[in-house]
Visitor: 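Handing you a structure now.
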Amino acid sequence: MSFWKNVIKELEYRGISRKELAFSLGMNNMTIHKAIERDSMPAADTALRIAKTLGVSLEYLLDMPSESASENCDNEKAIALYKKYSTVLESLETLSQREISAVSQLVAALSL
């Protein structure tokens with residue numbers, strides 16, 4: 001996938017228009033439009049500013065594997081688990097250390 005296809009995909013995901021992106025970058029909307037139309041690679045500093053504006057890595061926009069891809073996968077799994085079990089975790093916060101230990105032993109016994 002090209003740089004601009006990834007930018008467009010990210011804009012759609014975030015609900016940001018090309019015009020809003022151009023404004024955020026201090027650029028003319030037509031500059032962005034023409035770059036997308038031509039599928040031309042922006043200058044390195046512009047590409048970096050676009051990535052920062054969209055809150056993604058430059059590697060992502062360039063379709064390059066990131067060195068921390070496995071770390072990102074681990075983070076995504078941790079976030080998904082937290083979302084799934086957040087109410088349980090919040091309930092554990094109210095327990096004493098002794099009660100938490102008992103819950104841990106129970107969970108360990110159930111997972112055998």
Side-chain angles (χ1 to χ4, degrees):
M1 196 175 278
S2 77
F3 176 86
W4 288 110
K5 285 182 182 176
N6 286 331
V7 169
I8 291 168
K9 185 171 83 171
E10 198 61 33
L11 289 171
E12 289 171 356
Y13 174 76
R14 295 181 181 279
I16 300 171
S17 70
R18 294 177 188 183
K19 186 176 183 177
E20 291 170 317
L21 175 64
F23 180 79
S24 296
L25 297 169
M27 298 173 75
N28 184 310
N29 186 34
M30 283 308 292
T31 305
I32 298 287
H33 176 75
K34 287 179 183 178
I36 291 171
E37 191 177 271
R38 294 179 187 147
D39 199 22
S40 60
M41 188 57 147
D45 63 326
T46 303
L48 186 57
R49 286 182 24 228
I50 291 169
K52 285 184 178 185
T53 299
L54 294 175
V56 296
S57 70
L58 186 55
E59 290 87 356
Y60 166 75
L61 292 179
L62 293 170
D63 249 353
M64 296 173 62
S66 127
E67 290 180 18
S68 62
S70 65
E71 184 179 302
N72 287 341
C73 185
D74 290 343
N75 288 342
E76 288 173 13
K77 286 180 185 177
I79 290 168
L81 282 172
Y82 176 77
K83 287 179 180 177
K84 185 175 182 179
Y85 297 110
S86 63
T87 56
V88 173
L89 292 171
E90 289 169 6
S91 297
L92 289 173
E93 285 292 311
T94 64
L95 301 178
S96 68
Q97 189 58 45
R98 183 171 171 238
E99 292 167 325
I100 291 173
S101 179
V103 170
S104 295
Q105 290 173 3
L106 178 62
V107 170
L110 289 172
S111 62
L112 292 177

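None of these values were measured; they are calculated from a predicted model. Numbering starts at 1 and runs along the sequence shown.
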Visitor: Residues in side chain to side chain contact (heavy atoms under 4.5 Å, CB included) with Asp39, at least two apart?
Guide: Ser2, Trp4

Visitor: Given a cutoff of under 4.5 Å between side-chain heavy atoms of I, L, V, M, F, W and Y, with clusters grown through shared members, what are the other residues clustered with Leu110?
Guide: Leu106

Visitor: Kindly indicate, with the supporting measurements, whether the criterion side-chain contact (heavy atoms from CB on, under 4.5 Å) is fulfilled by Asn6 and Lys9.
Guide: CA-CA 5 Å; Asn6 286 331; Lys9 185 171 83 171; 4.2 Å; yes

Visitor: Provide the full list of salt bridge (Lys or Arg N to Asp or Glu O under 4.0 Å) pairs with a residue in residues 12-22, sequence neighbours left out, each pair given once.
Guide: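 Output for this query lists Glu10-Arg14.
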
Visitor: Between Lys52 and Leu48, is any pair of side-chain heavy atoms under 4.5 Å apart?
Guide: yes

Visitor: Considering all heavy atoms of both residues, which atom of Pro42 and which atom of Ala47 are nearest to each other, and what is their separation?
Guide: CG-CB, 3.9 Å

Visitor: With heavy-atom distances below 4.5 Å as the criterion, would you say the side chains of Leu58 and Phe3 are in contact?
Guide: yes

Visitor: Considering only heavy atoms from C-beta outward, does the side chain of Thr31 approach that of Leu25 to under 4.5 Å?
Guide: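 SC-SC contact between Thr31 and Leu25 ruled out.
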
Visitor: With sequence neighbours excluded, tell me which residues meet side-chain hydrogen bond (donor to acceptor under 3.5 Å, both in side chains) with Glu93.
Guide: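 So Glu93 forms no side-chain hydrogen bond (donor to acceptor under 3.5 Å, both in side chains) with any residue.
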
Visitor: Under a single-linkage definition using a 4.5 Å side-chain heavy-atom cutoff for Ile, Leu, Val, Met, Phe, Trp and Tyr, are Tyr60 and Met41 assigned to the same hydrophobic cluster?
Guide: yes

Visitor: Which residue, Ile36, Leu21, Thr53, forms the side chain to side chain contact (heavy atoms under 4.5 Å, CB included) with Val7?
Guide: Leu21

Visitor: Can you list everything that forms a side chain to side chain contact (heavy atoms under 4.5 Å, CB included) with Ser104? Sequence neighbours excluded, please.
Guide: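 Partners of Ser104 by the side chain to side chain contact (heavy atoms under 4.5 Å, CB included) criterion, ordered by chain and then number, come out as Ile100.
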
Visitor: Test of understanding: with side chain to side chain contact (heavy atoms under 4.5 Å, CB included), list the residues that count as partners of Thr87, not counting sequence neighbours.
Guide: none

Visitor: CG of Leu54 to CD1 of Ile16: how many Å apart, nearest 0.5 Å?
Guide: 5.5 Å

